[in-house]
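Presented below is the structure to which this report refers.
Quick note: numbers below take in every heavy atom, side chains included, and nothing from hydrogens, waters or symmetry partners.
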Amino acid sequence: MQILDKKSTKKAWAKAVIEPAQEFPPTQLPIISGSIPDRLRGTLYRNGAARLERGGVRVGHWFDGDGAILAVKFTDAGASAVYRYVQTTGYQAETTAGKFLYGNYGMTAPGAIWNQWLRPVKHAANTSVLALPDKLLALWEGNHPYALDLETLETHGLDNLGGLDNGLAYSAHPKVDPHTGEIFNFGITPSVNAVLNIYKSDYTGKILQKTKFTLEGFPAIHDFVLAGQYLIFFAPPVRINVIPVLFGVGTYSDSMKWQPELGTEILVFDRETLTLVSRAKTEPWYQWHFANGYVDPSGTVIIDFARYQDFQTNQYLKEIAAGETHTLAETTLTRVQLQPQTGKVTAIETLLDRTCEFPLVPKANVGQASRYTYMSITRPGTDISQEILNAIARFDHKTQTLTEANPGENFYPSEPIPVEDWVLTVVYDGNSHRSEVWIYDCDRLDQEPICKLELPSVIPHSFHGTWKSQ
C-alpha cells in the first residue's frame, strides 16, 4: 500500500482513495454549522468505488473499486447516516480470501491463465443508485443491479426487474420521467457487433417493454438522453476489441481504441414503441454524461453534455486509482441541436468553456427544458491534470451565467444533487481527512452552506447519487 508522506507529490484528494473506506452503522450526525432546513425530509443516497486495494495490491482503474452506499436520512429528529459495502458475491469471496480474485474494467484476474478465463469481470456495483418504492438498486453497467434495503442498506442480491433474462445488463444511468413515473434504461451485450438493449419500466422498476438493436462494432456507451418523446444515444468513436475481454486476457480499459475517423453516431428511438426513428453521424467527441435533453417548440431536440475532445479521460481516471494524476482531460459544457426525424445535427455550441463533469438537472425537469444545469467543476487556477473536481456550480441558461460554490483549498465536493430549494453534496476535507454533508441554498450557491454535518468516517470520492423524498 502506498503511504503519504512529506515527500509525496500526491494531492490532498489522494488520501480519500488510498485506504479502503470504513463502513458505519446508522449514526446521528452532529451539526458542524448552520441548521437543517425545516422542509428537507428524505434520503440522499450516493454510490462510489470505496475499496481500491486488497492485500497490498491496488486495482488497475478507479472503476474497479468495490461499491459502497452512503444513505443520509433527514427527519424531524435531525440527520442520520449509514454506510455499507454492497455485498456482491465477488466482494464476499475476495473478503474471505483477503486478496483479489477477479478481473474488472481495468484489471485481469490474478494467477494462472485459467483464472482469467473463469473470473474475467467482477460485478463492482459501484456506479449509481436508483431509489424505487420498495428497494434501492446499486447500479453497474455490466450486469443486473443489486437490490438493497432502503433503510438498512442490507444487500438482498441481484435483481432481474422481471425482464433481465439471459444475463442482460442494466446500465448506471436510468432516466425517470417525472410526470409518468416511467423508467427508461439500457444495457449493452458484448459482441464483435454489440447489442444495445433498451428497457421501459413502470415506477416500481418492473420491466414492461424491451427491444434490442445491433450496433456497428462495440462502441463505448455509458449514458443516454430522454428528450420528450425520444430516447437518444450517442455512440462515440471509441471501439472495444471484445475478444481479449471475453477470454479474460485483456481488460475493457486497455481494449478501447480512440478512432476519431468513425465520427459520433446518433441513434434516435421512439420512447413509446422503442423503435428506431433515425440514425446519423456527426463529428467525433467523447462523453461520459449528459445533463439533459428536451424538444423545443420547433421540434428540434436540444441536448447538453460534458464533451471531451478525445479519450484521454480514461487514462486520467485510471491514474486516480493510484492516487496521483498526470493526464490532461479537459471538457466543455456543450449543447447539440438535432432534427429527430433525420438525426442530423444542426448546431453545436459551447455553453461553458470550463472543465466540468456530472452535469444534471432537477428531477422534475428530466426530459424537458430546465433553466438550470448543476455540475461538478474545477476551481479557477486548478491544474486539472493533477487534481480532481473541487467545486460545484449552477449554469443559468436564461441569463447565460455560472454561479460557483468554492469550498476552499483541499475540499472536494461530490456531484451536486438539487433537492427543491437546496443543493446537497458530500465533501471530502483533505485538510482534516474527514467527510461532511453540506447543504446549500440553490439560489445562493456562491455563499456559505446553510448547514454542514459531520460524517463518522471518510467517504471516498463517489460517482453518482440520488434523492428519495420522505
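Not a single donor-acceptor pair under 3.5 Å links the side chain of Y83 to the backbone N or O of V458. With E415 contributing its side chain and G465 its backbone, the two residues share a donor-acceptor pair below 3.5 Å. Under a 3.5 Å cut-off, the side chain of S80 and the backbone N or O of Q28 do not form any donor-acceptor pair. A side-chain donor-acceptor contact under 3.5 Å links D64 to the backbone of G60. A donor-acceptor contact shorter than 3.5 Å is absent between the side chain of T264 and the backbone of A235. In this structure, the side chain of S414 engages the main chain of V426 through a donor-acceptor pair within 3.5 Å. Side chain of E454 to backbone of V437: no donor-acceptor contact under 3.5 angstrom is found. Side-chain N or O atoms of D159 include none that pairs as donor or acceptor with a backbone N or O of L137 at under 3.5 Å.
Side chain to side chain, H464 and H289 meet the donor-acceptor criterion of an N or O pair below 3.5 Å. A donor and an acceptor atom, one from each side chain of H173 and S128, are nowhere located under 3.5 Å apart. A donor-acceptor pair shorter than 3.5 Å can be found between the side chains of Y105 and N314. Between N365 and S370, the side chains place a donor N or O and an acceptor N or O closer than 3.5 Å (distance only, hydrogens not considered). Side-chain contact of N193 with S191: a donor-acceptor pair under 3.5 Å is absent, judged by distance alone. In summary, the side chains of T251 and N104 do not present any donor paired with an acceptor at a separation below 3.5 Å, with no hydrogens or angles considered. A donor-acceptor contact closer than 3.5 angstrom is absent between the side chains of E182 and S201. R307 and T332 form no side-chain donor-acceptor contact under 3.5 Å, judged by distance and modelled atom types alone. Between the side chains of H222 and Q287, no donor-acceptor pair of N or O atoms lies under 3.5 Å. Side-chain contact, S298 with T300: a donor N or O sits under 3.5 Å from an acceptor N or O.
Remark: D202 CG to I207 CD1 distance equals 10.0 Å, nearest 0.5 Å. Here the CG atom belonging to L161 is positioned 8.5 Å from the OG1 atom belonging to T204, to the nearest 0.5 angstrom. To the nearest 0.5 angstrom, D254 atom CG is 9.0 Å from H61 atom NE2. If you take OG1 on T189 and CG on N197, they are separated by 4.0 Å, rounding to the nearest 0.5 Å. Note that the CG atom of L148 and the NE2 atom of H156 stand 7.0 Å from one another [nearest 0.5 Å].
Of the residues L276, L231, T275, the one that meets the side chain to side chain contact (heavy atoms under 4.5 Å, CB included) test with I198 is L231. F311 pairs in a ring pair (Phe, Tyr, Trp, His ring centres under 6.0 Å) with only one of the listed residues (W258, W285, Y286), which is Y286. Among the candidates T211, L168, I183, L274, the single residue satisfying the side chain to side chain contact (heavy atoms under 4.5 Å, CB included) test with Y199 is L168.
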Determine, stepwise, if the pair F395 / Y374 fulfils ring pair (Phe, Tyr, Trp, His ring centres under 6.0 Å). CA-CA 6 Å; F395 185 77; Y374 294 84; over 10 Å; no
Could you please spell out the steps behind the ring pair (Phe, Tyr, Trp, His ring centres under 6.0 Å) verdict for F463 and F358? CA-CA 8 Å; F463 295 129; F358 306 121; 7.3 Å; no
Intermediate values then yes/no, side chain to side chain contact (heavy atoms under 4.5 Å, CB included), Y252 and V121: CA-CA 9 Å; Y252 273 99; V121 179; 4.1 Å; yes
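Taking 4.0 Å as the cut-off between side-chain N and carboxylate O, K363 and E420 do not count as a salt-bridged pair. Ion pairing between a basic and an acidic side chain is recognised when a charged N comes within 4.0 Å of a carboxylate O; E154 and R84 show no such pairing. Salt-bridge formation is not detected for the pair R51/E94: no Lys NZ or Arg NE/NH1/NH2 atom is positioned less than 4.0 Å from an Asp or Glu carboxylate oxygen. Look at K135 and D149 and you find no salt bridge, because none of the NZ, NE, NH1 or NH2 atoms lies under 4.0 Å from a carboxylate O.
Within the 4.5 Å cutoff, the side chain of F24 has heavy atoms near those of the L70 side chain. Between V295 and Q368, every side-chain heavy-atom pair lies at or beyond the 4.5 Å cut-off. Inter-residue side-chain proximity for L338 and I303 is flagged as met; some heavy-atom pair is nearer than 4.5 Å.
Of all the heavy atoms in A125 and N47, the pair that sits closest is O-ND2, 3.1 Å. Here the closest heavy-atom approach between residue Q470 and residue F74 is recorded as NE2-O, 3.7 Å.
A 6.0 Å sphere centred on CG of D165 holds more than 12 heavy atoms belonging to other residues, nucleotides or ligands. In K200, the NZ atom is crowded: over 12 heavy atoms of neighbouring residues, nucleotides or ligands sit closer than 6.0 Å. More than 12 heavy-atom neighbours from other residues, nucleotides or ligands sit within 6.0 angstrom of CD on Q229.
Two rings, from F305 and W288, have their centers 6.0 Å or more apart. Residues Y170 and F186 keep their aromatic ring centres 6.0 Å or farther apart.
Y372 carries R394 over the face of its six-membered ring, with the cationic atom under 6.0 Å from the centre and within 45° of the normal. Annotation: cation-pi pair K175/F224 present, NZ/CZ under 6.0 Å from the ring centroid and within 45° of its normal. Within the cation-pi definition used here (under 6.0 Å to the ring centroid, within 45° of the axis), R54 qualifies as a partner of Y91.
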